[in-house]
There are 2 protein chains.
Amino acid sequence: MSDLAAALDIVGARWALLVVERLLDGPQRYGDLQRNLGVPTNMLATRLRELEAAGVLTRLPLRHNTRAYALTDRGLALREAIVALGRWGAEEA
Amino acid sequence: MSDLAAALDIVGARWALLVVERLLDGPQRYGDLQRNLGVPTNMLATRLRELEAAGVLTRLPLRHNTRAYALTDRGLALREAIVALGRWGAEEA
DNA sequence: ACGTCACACTTGCATTTTGCAAGTGTGACC
DNA sequence: GGTCACACTTGCAAAATGCAAGTGTGACGT
(Lines give C-alpha, C1' and ligand atoms only; values in the text may rest on other atoms or scores of the structure.)
Protein backbone atom coordinates (compact mmCIF):
# COMPACT_ATOMS: atom_id res chain seq x y z
CA MET A 1 0.00 0.00 0.00
CA SER A 2 1.36 3.37 -0.96
CA ASP A 3 1.88 6.20 1.50
CA LEU A 4 -1.07 8.03 0.02
CA ALA A 5 -3.29 4.99 0.37
CA ALA A 6 -2.21 4.67 4.01
CA ALA A 7 -3.15 8.29 4.63
CA LEU A 8 -6.51 7.91 2.92
CA ASP A 9 -7.21 4.83 4.99
CA ILE A 10 -7.22 7.12 8.02
CA VAL A 11 -8.52 10.47 6.79
CA GLY A 12 -10.09 9.45 3.48
CA ALA A 13 -13.56 8.78 4.86
CA ARG A 14 -16.27 11.36 4.33
CA TRP A 15 -16.13 14.28 6.77
CA ALA A 16 -12.84 13.18 8.31
CA LEU A 17 -10.65 15.89 6.83
CA LEU A 18 -13.31 18.52 7.42
CA VAL A 19 -13.40 17.62 11.09
CA VAL A 20 -9.63 17.85 11.31
CA GLU A 21 -9.66 21.20 9.50
CA ARG A 22 -12.12 22.55 12.03
CA LEU A 23 -9.92 21.39 14.90
CA LEU A 24 -6.89 23.19 13.45
CA ASP A 25 -8.43 26.33 14.98
CA GLY A 26 -8.30 24.77 18.42
CA PRO A 27 -10.29 22.24 20.47
CA GLN A 28 -14.01 22.07 19.80
CA ARG A 29 -16.96 20.40 21.43
CA TYR A 30 -19.21 17.86 19.75
CA GLY A 31 -22.11 20.23 19.32
CA ASP A 32 -19.89 22.93 17.83
CA LEU A 33 -18.49 20.56 15.22
CA GLN A 34 -21.96 19.35 14.39
CA ARG A 35 -23.38 22.84 13.91
CA ASN A 36 -20.38 24.25 12.05
CA LEU A 37 -19.98 21.34 9.64
CA GLY A 38 -23.56 20.22 9.16
CA VAL A 39 -22.44 16.63 9.51
CA PRO A 40 -24.99 13.97 10.55
CA THR A 41 -24.58 13.19 14.22
CA ASN A 42 -23.99 9.47 13.84
CA MET A 43 -21.29 10.11 11.23
CA LEU A 44 -19.62 12.65 13.49
CA ALA A 45 -19.58 10.18 16.37
CA THR A 46 -18.17 7.46 14.13
CA ARG A 47 -15.45 9.69 12.67
CA LEU A 48 -14.39 11.03 16.05
CA ARG A 49 -14.07 7.46 17.32
CA GLU A 50 -11.98 6.43 14.29
CA LEU A 51 -9.78 9.52 14.37
CA GLU A 52 -9.17 9.04 18.08
CA ALA A 53 -8.28 5.39 17.52
CA ALA A 54 -5.89 6.47 14.76
CA GLY A 55 -4.17 8.90 17.12
CA VAL A 56 -5.24 11.99 15.18
CA LEU A 57 -7.21 13.53 18.04
CA THR A 58 -7.94 13.11 21.76
CA ARG A 59 -10.85 13.82 24.06
CA LEU A 60 -10.34 16.46 26.71
CA PRO A 61 -12.79 16.11 29.62
CA LEU A 62 -14.45 19.42 30.46
CA ARG A 63 -17.19 19.96 33.05
CA HIS A 64 -19.42 16.96 33.93
CA ASN A 65 -20.72 15.42 30.70
CA THR A 66 -19.06 17.77 28.22
CA ARG A 67 -15.71 17.23 26.53
CA ALA A 68 -13.63 18.83 23.82
CA TYR A 69 -11.84 17.25 20.90
CA ALA A 70 -8.28 18.37 20.22
CA LEU A 71 -5.73 17.36 17.61
CA THR A 72 -2.65 15.42 18.63
CA ASP A 73 0.73 16.18 17.08
CA ARG A 74 -0.13 13.64 14.41
CA GLY A 75 -3.35 15.48 13.74
CA LEU A 76 -1.65 18.86 13.62
CA ALA A 77 0.77 17.42 11.06
CA LEU A 78 -2.14 17.29 8.63
CA ARG A 79 -2.17 21.07 8.40
CA GLU A 80 0.13 21.24 5.38
CA ALA A 81 -1.94 18.73 3.42
CA ILE A 82 -5.22 20.40 4.34
CA VAL A 83 -3.96 23.84 3.40
CA ALA A 84 -2.69 22.50 0.06
CA LEU A 85 -6.01 20.85 -0.74
CA GLY A 86 -7.90 23.94 0.35
CA ARG A 87 -5.83 26.13 -1.94
CA TRP A 88 -6.51 23.76 -4.81
CA GLY A 89 -10.22 23.86 -4.08
CA ALA A 90 -10.17 27.65 -4.03
CA GLU A 91 -8.83 27.93 -7.57
CA GLU A 92 -11.69 28.36 -9.97
CA ALA A 93 -12.33 26.00 -12.84
CA MET B 1 -18.96 25.58 1.37
CA SER B 2 -15.33 25.89 2.41
CA ASP B 3 -12.46 25.57 -0.02
CA LEU B 4 -11.58 22.20 1.43
CA ALA B 5 -15.14 20.94 1.03
CA ALA B 6 -15.09 22.11 -2.60
CA ALA B 7 -11.88 20.17 -3.20
CA LEU B 8 -13.25 17.04 -1.54
CA ASP B 9 -16.38 17.31 -3.64
CA ILE B 10 -14.15 16.66 -6.65
CA VAL B 11 -11.35 14.42 -5.40
CA GLY B 12 -12.82 13.19 -2.12
CA ALA B 13 -14.45 10.07 -3.54
CA ARG B 14 -12.76 6.72 -3.00
CA TRP B 15 -9.90 6.03 -5.44
CA ALA B 16 -9.99 9.51 -6.95
CA LEU B 17 -6.76 10.81 -5.42
CA LEU B 18 -5.02 7.49 -6.02
CA VAL B 19 -5.86 7.70 -9.70
CA VAL B 20 -4.53 11.25 -9.88
CA GLU B 21 -1.37 10.23 -8.02
CA ARG B 22 -0.77 7.50 -10.58
CA LEU B 23 -1.20 9.97 -13.42
CA LEU B 24 1.37 12.31 -11.93
CA ASP B 25 3.96 9.95 -13.43
CA GLY B 26 2.54 10.56 -16.88
CA PRO B 27 -0.43 9.40 -18.99
CA GLN B 28 -1.68 5.89 -18.35
CA ARG B 29 -4.09 3.56 -20.04
CA TYR B 30 -7.20 2.14 -18.41
CA GLY B 31 -5.78 -1.34 -17.97
CA ASP B 32 -2.58 0.01 -16.42
CA LEU B 33 -4.47 2.01 -13.83
CA GLN B 34 -6.64 -0.95 -13.06
CA ARG B 35 -3.73 -3.32 -12.54
CA ASN B 36 -1.53 -0.87 -10.64
CA LEU B 37 -4.22 0.33 -8.28
CA GLY B 38 -6.34 -2.76 -7.83
CA VAL B 39 -9.45 -0.65 -8.23
CA PRO B 40 -12.71 -2.33 -9.30
CA THR B 41 -13.30 -1.69 -12.98
CA ASN B 42 -16.69 -0.06 -12.64
CA MET B 43 -15.34 2.32 -10.01
CA LEU B 44 -12.40 3.22 -12.21
CA ALA B 45 -14.70 3.97 -15.12
CA THR B 46 -16.93 6.10 -12.90
CA ARG B 47 -14.04 8.04 -11.38
CA LEU B 48 -12.41 8.71 -14.73
CA ARG B 49 -15.71 10.06 -16.03
CA GLU B 50 -16.13 12.32 -12.99
CA LEU B 51 -12.54 13.54 -13.02
CA GLU B 52 -12.77 14.29 -16.71
CA ALA B 53 -16.02 16.21 -16.19
CA ALA B 54 -14.32 18.16 -13.39
CA GLY B 55 -11.46 19.11 -15.69
CA VAL B 56 -8.84 17.18 -13.74
CA LEU B 57 -7.89 14.87 -16.61
CA THR B 58 -8.47 14.32 -20.33
CA ARG B 59 -8.61 11.35 -22.67
CA LEU B 60 -5.90 11.07 -25.29
CA PRO B 61 -6.90 8.86 -28.23
CA LEU B 62 -4.22 6.31 -29.04
CA ARG B 63 -4.43 3.52 -31.62
CA HIS B 64 -7.94 2.27 -32.57
CA ASN B 65 -9.85 1.45 -29.39
CA THR B 66 -7.16 2.36 -26.87
CA ARG B 67 -6.72 5.70 -25.14
CA ALA B 68 -4.61 7.21 -22.40
CA TYR B 69 -5.64 9.37 -19.49
CA ALA B 70 -3.55 12.44 -18.76
CA LEU B 71 -3.80 15.16 -16.12
CA THR B 72 -4.76 18.68 -17.14
CA ASP B 73 -3.07 21.68 -15.52
CA ARG B 74 -5.77 21.59 -12.90
CA GLY B 75 -4.97 17.96 -12.25
CA LEU B 76 -1.24 18.60 -12.07
CA ALA B 77 -1.94 21.32 -9.51
CA LEU B 78 -2.94 18.55 -7.11
CA ARG B 79 0.68 17.42 -6.84
CA GLU B 80 1.45 19.54 -3.81
CA ALA B 81 -1.56 18.28 -1.88
CA ILE B 82 -0.91 14.66 -2.83
CA VAL B 83 2.73 14.87 -1.83
CA ALA B 84 1.78 16.44 1.51
CA LEU B 85 -0.78 13.73 2.23
CA GLY B 86 1.65 11.04 1.17
CA ARG B 87 4.32 12.38 3.49
CA TRP B 88 1.83 12.37 6.34
CA GLY B 89 0.86 8.80 5.57
CA ALA B 90 4.49 7.77 5.55
CA GLU B 91 5.09 8.92 9.12
CA GLU B 92 4.61 6.03 11.49
CA ALA B 93 2.11 6.09 14.32
C1' DA C 1 -36.93 15.82 45.85
C1' DC C 2 -38.47 16.57 41.31
C1' DG C 3 -38.89 18.23 36.76
C1' DT C 4 -36.43 20.40 33.10
C1' DC C 5 -32.64 21.31 30.28
C1' DA C 6 -28.24 21.05 27.56
C1' DC C 7 -25.05 18.00 25.90
C1' DA C 8 -23.22 13.94 23.80
C1' DC C 9 -24.22 10.63 21.88
C1' DT C 10 -27.06 5.77 20.10
C1' DT C 11 -30.47 3.29 17.34
C1' DG C 12 -33.45 1.93 13.46
C1' DC C 13 -34.16 2.18 8.95
C1' DA C 14 -33.96 4.25 3.99
C1' DT C 15 -30.75 5.72 0.48
C1' DT C 16 -26.43 5.91 -1.76
C1' DT C 17 -21.90 4.23 -2.73
C1' DT C 18 -18.80 0.62 -3.38
C1' DG C 19 -17.36 -3.97 -4.82
C1' DC C 20 -17.46 -8.42 -7.28
C1' DA C 21 -18.22 -11.14 -11.26
C1' DA C 22 -19.69 -11.72 -15.65
C1' DG C 23 -20.86 -9.82 -20.09
C1' DT C 24 -20.53 -6.43 -24.30
C1' DG C 25 -18.56 -3.93 -28.32
C1' DT C 26 -14.69 -2.78 -31.31
C1' DG C 27 -10.93 -3.00 -34.16
C1' DA C 28 -6.43 -5.47 -35.07
C1' DC C 29 -4.26 -9.60 -36.49
C1' DC C 30 -3.76 -14.36 -38.23
C1' DG D 1 -13.95 -15.68 -40.25
C1' DG D 2 -12.14 -16.63 -35.67
C1' DT D 3 -9.50 -15.13 -31.86
C1' DC D 4 -7.55 -11.69 -28.99
C1' DA D 5 -6.61 -7.41 -26.25
C1' DC D 6 -8.64 -3.49 -24.60
C1' DA D 7 -12.02 -0.57 -22.54
C1' DC D 8 -15.53 -0.59 -20.67
C1' DT D 9 -21.02 -1.90 -18.98
C1' DT D 10 -24.40 -4.48 -16.30
C1' DG D 11 -26.62 -6.92 -12.44
C1' DC D 12 -26.64 -7.67 -7.96
C1' DA D 13 -24.77 -8.05 -2.95
C1' DA D 14 -22.45 -5.64 0.74
C1' DA D 15 -21.04 -1.63 3.07
C1' DA D 16 -21.11 3.31 4.03
C1' DT D 17 -23.86 7.30 4.62
C1' DG D 18 -27.87 10.04 6.03
C1' DC D 19 -32.18 11.16 8.48
C1' DA D 20 -35.07 11.22 12.44
C1' DA D 21 -36.07 9.92 16.81
C1' DG D 22 -34.59 8.15 21.20
C1' DT D 23 -31.27 7.45 25.43
C1' DG D 24 -28.32 8.57 29.46
C1' DT D 25 -26.13 11.90 32.51
C1' DG D 26 -25.32 15.54 35.41
C1' DA D 27 -26.37 20.52 36.44
C1' DC D 28 -29.78 23.78 37.82
C1' DG D 29 -33.96 26.03 39.37
C1' DT D 30 -38.07 25.59 42.55
Side-chain angles (χ1 to χ4, degrees), chain A residues 1-2 4-23 25-54 56-72 75, chain B residues 1-2 4-23 25-54 56-72 75:
Chain A
M1 191 162 72
S2 76
L4 180 60
L8 291 176
D9 236 46
I10 300 173
V11 293
R14 203 163 291 176
W15 299 106
L17 269 187
L18 292 169
V19 167
V20 175
E21 183 192 33
R22 213 71 209 40
L23 293 179
D25 291 343
Q28 308 273 331
R29 286 174 306 161
Y30 187 95
D32 295 335
L33 290 169
Q34 195 175 211
R35 275 181 292 279
N36 286 324
L37 294 175
V39 49
T41 177
N42 53 347
M43 282 294 98
L44 181 55
T46 301
R47 288 297 164 264
L48 289 172
R49 230 181 291 128
E50 292 167 350
L51 291 173
E52 187 187 16
V56 172
L57 54 80
T58 50
R59 294 165 189 243
L60 303 178
L62 297 184
R63 319 205 158 275
H64 55 287
N65 63 338
T66 72
R67 31 198 158 290
Y69 293 90
L71 294 179
T72 60
Chain B
M1 192 163 70
S2 77
L4 180 60
L8 292 176
D9 237 45
I10 299 173
V11 293
R14 203 164 291 178
W15 300 107
L17 269 187
L18 292 168
V19 167
V20 174
E21 182 192 33
R22 214 70 207 42
L23 294 179
D25 291 343
Q28 309 274 330
R29 285 175 307 160
Y30 187 94
D32 295 335
L33 289 169
Q34 195 175 210
R35 275 180 293 277
N36 287 322
L37 294 175
V39 50
T41 177
N42 53 349
M43 281 295 97
L44 180 56
T46 302
R47 289 297 164 264
L48 289 172
R49 230 181 290 127
E50 293 167 349
L51 291 172
E52 187 188 15
V56 172
L57 54 80
T58 50
R59 294 165 190 244
L60 304 178
L62 297 185
R63 322 205 157 273
H64 54 289
N65 63 339
T66 72
R67 30 199 159 291
Y69 293 90
L71 293 179
T72 60

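The sequence lines fix the lettering, A, B, ..., with proteins before strands; numbering per chain opens at 1.
Atoms CG and CE, from B:L8 and B:M1 in turn, are 9.0 Å apart once rounded to the nearest 0.5 Å. Remark: B:L60 CG to B:R67 CZ distance equals 11.0 Å, nearest 0.5 Å. Taken from CG in A:L4 to CG in A:D9, the straight-line distance is 10.5 Å, to the nearest 0.5 Å. Atoms OG1 and CG, from B:T46 and B:L51 in turn, are 10.5 Å apart once rounded to the nearest 0.5 Å.
Non-hydrogen atoms lying under 4.0 Å from DNA chain D are contributed by B:N65, B:T66, B:R67, B:Y69, all within residues 61-69 of chain B. At a non-hydrogen distance threshold of 4.0 Å, B:R29, B:Y30, B:G31, B:T41, B:N42 from residues 29-42 of chain B come into contact with DNA chain D. Within residues 12-20 of chain B, the residues that place at least one heavy atom under 4.0 Å from DNA chain C are, in residue-number order, B:R14, B:W15.
What separates CZ of A:R49 from P of D:dA16 is a distance of 13 Å, to the nearest Å.
Heavy-atom contacts of chain A under 4.0 Å fall on DNA chain C between two terminal nucleotides, which in 5' to 3' order are C:dA6 to C:dG12.
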Show me, pair by pair, the donor-acceptor contacts under 3.5 angstrom made by side chains of residues 12-23 of chain B, not counting sequence neighbours?
none

Let me check something: any side-chain donor-acceptor pairs from residues 30-40 of chain A under 3.5 Å, sequence neighbours excluded? List them with distances.
residue: A:Y30; atom: OH; partner: A:T41; partner atom: O; Å: 2.7
residue: A:Y30; atom: OH; partner: A:T41; partner atom: OG1; Å: 2.6
residue: A:Q34; atom: OE1; partner: A:T41; partner atom: OG1; Å: 3.4
residue: A:R35; atom: NH2; partner: A:G31; partner atom: O; Å: 3.4
residue: A:N36; atom: ND2; partner: A:D32; partner atom: O; Å: 3.1

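Screening residues 38-52 of chain A for salt bridge (charged side-chain N to carboxylate O under 4.0 Å, His left out) gives A:R47-A:E50, A:E52-A:R59 as the qualifying pairs, with residues at least two apart or on separate chains.
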